[in-house]
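Data block below; observations after.
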Amino acid sequence: MSLLSIRDLTIALPEGADRDYAAQDIDFDLTPGEILCIVGESGSGKSMSANAVMGLLPEGVKPVSGRIDFDGRDILGLPEKEMLALRGGRISMIFQEPLSALNPLMRIGAQIEEVFEAHGALTRPERHEQALRLLTEVGIPDPQTAIRAYPFQLSGGQRQRVMIAMALALEPDILIADEPTTALDVTTQAQILDLIENLRQKRQMAVIFITHDFGVVADIADRVIVMQTGKIVETGSADKVLLRPEHPYTKALIDAIPRLTGGHTGSKNEPSEPVLSVEGLYKTFSTGSGKLFGKRRVVEAVQDANFQLYKGETIGIVGESGSGKSTLGRCLVRLINPSKGRVLLDGEDIAHMPGAELRERRRRIQMIFQDPYSSLNPRSRVSCILTEGPIAYGTAPGDARNRAGELLELVGLDASAMSRFPHEFSGGQRQRIGIARALALDPAIIIADEAVSALDVSIQAQVLDLLADLKARLNLSMLFITHDLRVAARICDRIIVMQKGRIVETGPASKVLHDPDTDYTRSLLAAIPGQEYEKALAGAE
Amino acid sequence: MTRFILGRLVKSVFILLAILILNFFLIHAAPGDPAAVMAGEAGAADEKFLADLRTKFGLDQPLYVQLWIYLKGAVQLDLGFSFRQQMPVADLIWDRLPATLLLTGAAFVLSLVMGVIAGVAASARQGTWGDTVISTLALLFYATPLFWVALMAVVVFSVWLGWLPGFGFETIGAGYTGFARALDIGKHLILPATTLGLFFMAIYTRMTRASMLEVSRLDFVKTARAKGLSRGVIQRRHVLRNALLPVITLAGLQAGQVFGGAVLTETVFAWPGIGRLMFEAINQRDYNVILGVFFVSAAMVLLFNLITDVIYVFVDPRIRLTE
Amino acid sequence: QEPQSGGTLNVVIQPEPPGLMIGLLQNAPTQMVAGDIYESLLRYDTDLNPHPGLAKEWSISEDGLTYTFKLHEGVKFHDGEEFTSEDVKFSIDVFLRETHPRLRTSLEHLESIETPDPYTVVFKLKNPFGPFLGLFEPGTAPMIPKHVYEGTDFASNPANNTPIGTGPFKFDEWEKGSYIHLVKNEDYYLEGKPYLDDIYYHVIPDAASRSVAYETGRVDVLPGGSIENFDVPRIKEMENTCITDKGWELFGPLAWMWVNHDNPPLDDLKVRQAIMHAVDREFSRDALWNGLGKVATGPVSSSTRFYSDATPDISYDPEKAKALLEESSYNGETIRLLGLPYGETWQRWAEAVKQNLAEIGMDVEIVASDVAGWNQKVSDRDYDLAFTYLYQYGDPALGVARNYFSDNAEKGSPWNNVANYQNPEIDEMFEEAALMVSPEDREKAYAEIQDIIVSDAPNIWLLELGFPTISRCNIHDPVTTAIGVNDSFRDTWIEQ
Amino acid sequence: MRDFWKRYCRNRGAIIGLLILTLVILVAILAPLLFPQSPWKMVQRPFLPPFAQGDLLLGTDAVGRDVMAGLAHGAYVSLLVGLVSTIVALAIGVPIGASAGYFAGSVDDALMRFTEFFQTIPSFALAIVLLATFQPSLTFVIIAIAIVSWPPVARLVRGEVLSLRTREFIEAATLSGLSNLQIITRHILPNALPPIIVLASLMVAQAILLESALSFLGLGDPNIMSWGYMIGAARTVIREQWWLSFMPGMAILLTVLALNLIGEGLNDALNPRLTRKSK
Ligand SMILES: Nc1ncnc2c1ncn2[C@@H]1O[C@H](COP(=O)(O)OP(=O)(O)OP(=O)(O)O)[C@@H](O)[C@H]1O
Ligand SMILES: Nc1ncnc2c1ncn2[C@@H]1O[C@H](COP(=O)(O)OP(=O)(O)OP(=O)(O)O)[C@@H](O)[C@H]1O
Ligand SMILES: [Mg+2]
Ligand SMILES: [Mg+2]
């Protein structure tokens with residue numbers, strides 16, 4: 001007997017959107033205790049379909065046909081009042097973005113207790129007790145403190161767990177999780193997946209899980225739905241879809257999954273001059289505390305970093321969230337000033353170089369930013385984004401434009417892209433513009449900070465290929481910051497593992513990923529989802 | 001926190017001193033002096049009369065000496081003597097301050113409360129005629145000259161309808177005490193406070209509306225809806241609180257500008273407040289009074305800036321106070 | 001009708017006086033309130049004839065050099081001390097000589113003051129001084145308690161805040177910015193007077209609010225000039241409302257434009273005459289002053305003694321003005337017109353004059369400023385044309401001569417001969433006329449003076465201003481003397 | 001540009017606003033042609049009510065001047081005061097706010113204290129003192145208004161810049177070798193524009209009103225016909241001839257309304273992201 005059944009659901013988008021329907025003819029069932037994974041490219045309508053079940057479509061987006069039966073009742077036409085009772089009570093949802101999904105001005109505890117309050121459950125002290133229990137259950141360290149904390153005082157992973165606690169508060173029949181782990185590092189991700197799995201077993205909770213991480217899908221899914229531009233293109237049991245895909249799109253997706261093994265064929269680094277060498281680098285942040293009368297807090301984000309980057313080499317920097325990866329990268333391009341230590345670029349120390357001189361050196365070392373959205377000025381056209389750097393360094397505007405055209409071609413974009421604004425591109429395309437911008441100055445070194453983590457696998461694969469290709473063609477050196485070890489495996493020659501600001505392990509990629517020296521690295525490796533599946537895939541090939 | 005507040009207070013003292021010096025020169029740059037004005041009012045004067053006055057006021061001394069004398073007093077919190085009224089400036093200000101604080105305080109509370117309510121109401125009805133009415137009214141209040149509104153209010157409510165007294169602080173000579181007096185003052189307060197408040201109310205309305213709409217698009221509102229919270233609770237508990245942040249900034253600014261806004265209102269409604277004192281003092285070149293009022297006003301601005309900053313910390317836990 | 005005792009009088013006052021010690025401050029609002037508290041020796045009816053005040057009788061010697069005043073007996077200051085001739089001597093000779101610039105000028109003619117007994121004062125003059133008997137109103141020669149002020153620094157005497165006089169009302173309370181409260185002087189020397197129990201002077205800074213105050217019944221007396229002229233017709237129509245334009249005879253406020261003789265082409269008589277004839281004063285009176293007041297015919301107001309109407313014609317005649325301007329040395333220069341910063345009417349007036357002058361082809365630019373700026377500019381002769389209005393104090397020697405004397409042309413004061421009009425003949429004539437004993441001689445002399453000055457057109461005389469006092473009709477006798485509400489309300493009573 | 005225009009036109013209010021403003025500007029420009037006589041000329045008896053006489057549609061004022069001519073000529077001055085003083089205030093406030101926000105630290109502290117100084121004097125009082133010191137001519141009225149109205153601009157811009165400067169695309173621009181000035185002008189300010197536009201449209205209104213309040217106190221330029229002057233002058237007869245202040249008041253109201261609508265329209269049009277993606 002199915003708990004939820006969706007029939008011919010079509011969701012219309014408002015005028016001016018990229019297409020007419022966010023989702024079309026969606027058809028699926030969900031039985032109690034089942035985990036259904038929805039995968040597919042970005043913008044394919046995954047989130048909209050899920051939101052439709054909650055009755056929480058954004059303004060202007062409306063279901064125009066079909067039905068959603070929950071417990072034998074069509075909930076599409078349900079009056080708001082009855083929907084209120086379902087929401088949070090019998091169906092609950094975890095949203096994509098944990099950073100902004102919590103009210104910044106409310107304490108964590110209050111936000112959880114609110115769920116009970118909304119459904120008139122329990123007395124005040126009981127609610128508090130339950131909130132505490134839930135926080136403990138989702139594995140938040142020191143729940144007594146966390147319950148009184150504000151969202152900004154928690155890490156991304158902790159916030160995501162608070163969201164999960166909220167969603168689980170009333171033991172719903174259905175949990176909808178929209179990319180709940182995308183922003184998390186592998187260890188945290190593993191914990192959360194365990195938690196969901198536990199709950200399902202204990203409470204017969206059905207789960208709709210949206211993700212683009214196939215490792216995760218492989219680990220948890222009973223059934224899988226693949227979506228593309230608003231339509232379901234393939235559906236079936238996890239085994240069938242993952243191992244014996246039928247639809248070409250599914251096949252393409254699965255082909256694009258990065259592998260821990262095999263992907264990258266060793267390094268051909270003949271020991272040459274290091275283009276960049278880092279010696280004894282430290283970065284310490286000190287911040288006032290948020291609490292009244294509080295003390296100053298000191299964060300040692302990077303401690304005693306030492307390494308060399310050789311010409312044509314790619315180094316991956318991996319490690320859990322908050323381990324200092326980004327800080328290290330930013331110190332190298334001097335977006336932040338290191339506290340101590342030297343950064344030798346072509347033998348010159350740029351760690352403490354003053355403005356004008358630094359500016360001259362800077363074009364040799366460029367950065368690709370994590371978020372393709374926020375790293376492009378929303379009010380600049382692509383042509384401007386790509387040419388202003390070279391022009392600032394004295395290239396004639398005409399030449400810069402020509403070069404920009406070439407670069408766009410190089411990163412696989414049409415020259416017509418020149419006159420468009422960033423918002424007119426997809427995430428993957430935007431990331432390519434970011435890459436083109438970094439290349440526009442003909443740098444010797446590129447620092448890529450989580451350059452692909454926001455992208456879905458197929459686009460991720462494209463971008464990674466592109467980077468590898470460019471690197472080979474232009475003989476670039478690259479520092480690749482990521483928390484996805486599969487991605488690191490795919491592109492890096494050497495890997496640096498960071499933990500709490502320190503470099504704990506360095507070595508060739510194959511060594512670090514398969515025969516690590518430290519326990520920390522081993523725990524990271526163990527947490528990678530979908531390892532079984534990867535083997536199965538490898539076996540199938 | 002205490003360190004932050006203390007630090008700011010210490011800094012404020014220096015800023016105040018600097019402001020005082022600049023104000024001193026600013027005011028002395030205007031043509032005419034208090035002696036000439038007073039002589040002018042007398043309808044006749046001779047050299048001796050003017051010279052006597054100037055000696056008495058200390059205006060015969062070089063400017064830097066006058067400044068020095070003034071500053072010496074000011075650091076001991078002595079704001080000098082009013083040339084014209086022959087009273088210590090501090091007493092004058094102290095006399096007038098309660099009326100102004102009452103008026104601006106009432107206008108402030110009124111504009112803030114009404115403005116926020118209207119803004120919330122408009123945002124809840126976004127796109128409907130209710131929204132249009134509120135928004136248009138707000139714009140109307142915003143764009144109408146204050147003195148025009150004030151006079152019209154008096155004509156309608158005081159002359160035609162006879163509901164409310166049109167001017168003054170209380171019924172003179174009625175001899176009310178206690179509650180009766182409070183009631184009487186309250187009645188007198190309604191028209192000026194409303195007039196003064198209308199303008200800011202309009203601003204708060206617009207700001208709250210925009211801010212509410214902005215915040216209701218944020219993700220955490222969706223989270224709140226997913227919890228099954230009703231619309232009202234969401235608006236109140238989640239949207240409003242966040243939407244109030246920019247309103248607080250503005251309110252801090254308004255609160256600081258206690259005297260400036262009140263000049264016209266106090267004049268039209270014969271309200272015995274500081275705004276009028278200041279305006280008259282400027283016209284009469286009563287230097288010490290002008291400086292005194294500017295000084296208190298500056299202190300007020302700095303104080304309210306500080307209070308706003310502190311309130312911010314309480315309302316928004318993300319904000320950290322840094323020195 | 002038999003006067004009734006009792007009742008409270010609510011009067012508007014504007015602007016708020018800087019203080020109430022009338023010996024130190026002579027501005028209009030101070031005088032209005034202090035006129036109830038302080039008294040002088042005489043009072044003047046609306047034809048400027050003297051009547052008993054603190055002096056019950058007086059006599060003048062044949063040669064016009066000795067003035068003897070007999071004082072009322074049993075007059076007490078508000079603190080209970082008796083008022084005697086010593087106080088008179090102290091007030092005039094010591095206090096006011098020190099503090100009162102306008103009186104000081106007149107005291108130049110004074111030889112000595114003698115006090116043969118407590119109720120007799122004898123003034124001995126150096127030379128005959130025609131206007132002398134006109135000096136004894138409270139604004140010019142208030143009686144000040146010797147026992148309070150003798151030997152102190154007058155300006156900083158703490159008693160200035162609680163003024164003590166002999167008047168029918170005593171100071172009670174001053175709520176700054178709101179009101180001044182005076183109460184009946186129970187020990188007043190005239191039996192049965194004053195009639196009123198107390199008086200509130202309400203400080204209401206805005207003219208429109210002042211008329212509202214009257215309309216809503218909060219105040220009962222609107223002294224002249226306290227509401228906008230435009231409001232007068234409406235208020236006048238209200239029931240139980242009486243209006244009088246009496247009470248300004250002593251002051252005889254005359255409005256004119258100073259013409260700065262330093263600045264060519266204004267030193268050219270033809271230019272000045274052209275301006276004189278170009279200004280449409282009837283229009284200004286009717287449109288801006290609601291028909292109140294009179295068109296001026298020359299430097300002397302018609303209520304002032306020795307006014308002559310036989311002066312050369314200066315009436316509105318744009319054609320003549322154009323012709324005069326043609327013949328003159330005017331070459332299209334921009335003339336700066338300094339407006340008087342006393343409210344809307346004066347601003348409108350400046351605009352109207354500007355327009356009048358534009359009609360005859362004169363380019364005028366209005367200069368605005370606040371009161372202090374106006375004072376400064378006029379005192380420094382930093383203007384071309386400047387509006388003003390001045391009081392005449394009942395006698396040309398007191399209020400007219402000062403504006404035309406060559407000697408009075410030094411900079412630094414806005415009431416001197418600010419135009420810098422230089423005519424030695426006039427100087428001499430003024431000097432002589434002031435010293436003449438017989439009123440008939442003076443009359444003749446002043447007629448001649450007026451004739452000459454008007455032909456010289458040193459200034460552009462505009463209007464004898466009318467400031468009607470408005471009050472409820474059941475308030476009897478609000479105005480009884482030539483200084484109107486500036487005198488005390490001692491004779492005023494309210495019909496219950 | 002066409003694009004921009006199309007986006008602008010999508011907002012109906014904005015078009016109405018533009019129409020009104022165009023009308024006002026036209027009237028301002030054509031005033032000397034429509035009413036060749038000086039607006040100060042006394043043409044008829046004072047206080048002629050509106051529609052009483054054919055060629056004086058809106059009647060006459062206290063000295064018999066044509067109100068219609070006054071409105072037309074006043075449009076020019078009021079717009080000039082509103083626009084120029086706002087531009088000057090922006091020219092002072094934006095650079096100060098932007099530098100304070102961008103360079104932060106001690107620069108910020110110094111500039112904000114400087115701004116605070118102007119804020120601590122009640123703005124109305126400051127305007128009065130300034131005008132008492134200098135001649136109240138049109139130029140000084142404009143300057144005085146600008147001087148008292150720039151601090152909020154500086155504060156607003158600073159706030160925006162503070163939040164923008166840590167954005168990734170600013171970091172990217174830094175890495176591209178742009179100078180600070182280029183970063184501020186090309187990347188930061190365009191993104192801070194929406195609130196500035198809204199504020200600016202409010203400031204124009206404020207300036208027009210402030211001018212009227214100053215006129216009311218006799219501190220306007222007495223040689224120039226402006227709406228503020230007309231309201232101030234008609235204020236004394238508000239009881240008897242209410243239309244004399246009502247009509248310039250309406251003119252101000254309409255202009256302010258138009259400016260606000262335009263501000264909002266511009267804001268939408270300048271935002272290239274028309275449909276927000278719900279991420
Ligand atoms: N508020 C909105 N207004 C208009 N169009 C929208 C809105 N929200 C989403 N869309 C459009 O609806 C389509 C489906 O969006 P949806 O969020 O479901 O994608 P998704 O599959 O969840 O993608 P992702 O993996 O990036 O989250 C997209 O084309 C998107 O542009
Ligand atoms: N500007 C800053 N002020 C204070 N602390 C900071 C600042 N930037 C980073 N940190 C702290 O420094 C530490 C390292 O941060 P960093 O951003 O380098 O981590 P990361 O390894 O890049 O993590 P993630 O994978 O989540 O991006 C964290 O504890 C972070 O809170
Ligand atoms: Mg999604
Ligand atoms: Mg990072």
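Just so we're clear, the structure is a prediction, and the values are computed from it rather than from any experiment. In what follows, chains carry the letters A, B, and so on, assigned in the order in which the sequence lines appear, proteins first and then strands, with residues in each chain numbered from 1.
Environment of OH in A:Y21: sparse, with no more than 12 heavy atoms of neighbouring residues, nucleotides or ligands closer than 6.0 Å. Within 6.0 Å of the OH atom in D:Y102, the count of heavy atoms belonging to other residues, nucleotides or ligands exceeds 12.
The nearest pair of heavy atoms linking D:L175 to A:F369 is CD1-CZ, 4.1 Å. The shortest non-hydrogen separation linking D:P190 to A:R379 is O-CD, 3.2 Å. Nearest heavy atoms, D:R186 versus A:N377: O-ND2, 3.7 Å. The heavy-atom pair separating A:S375 from D:A172 by the smallest distance is O-CB, 4.1 Å.
How far OG of D:S176 is from CD of A:Q366: 5.5 Å, rounded to the nearest 0.5 Å. Taken from CG in A:L376 to NE2 in D:H187, the straight-line distance is 10.5 Å, to the nearest 0.5 Å.
Neither the backbone nor the side chain of A:R334 comes within contact range of chain D; no heavy atom of the residue lies under 4.5 Å from a heavy atom of that chain.
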Report all side-chain donor-acceptor pairs from residues 390-397 of chain A shorter than 3.5 Å, counting only partners two or more places apart or in another chain.
from: A:Y393; atom 1: OH; to: A:R359; atom 2: O; distance (Å): 2.5
from: A:T395; atom 1: OG1; to: A:P390; atom 2: O; distance (Å): 3.1

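Among the residues in residues 436-444 of chain A, those with a non-hydrogen atom closer than 4.5 angstrom to a non-hydrogen atom of chain D are A:R437, A:L441.
A:P422 places none of its side-chain heavy atoms less than 4.5 Å from the side chain of D:F169.
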Self-check item: Check against side chain to side chain contact (heavy atoms under 4.5 Å, CB included), A:M367 and D:E171
Solution: CA-CA 9 Å; A:M367 188 151 174; D:E171 297 187 332; over 6 Å; no
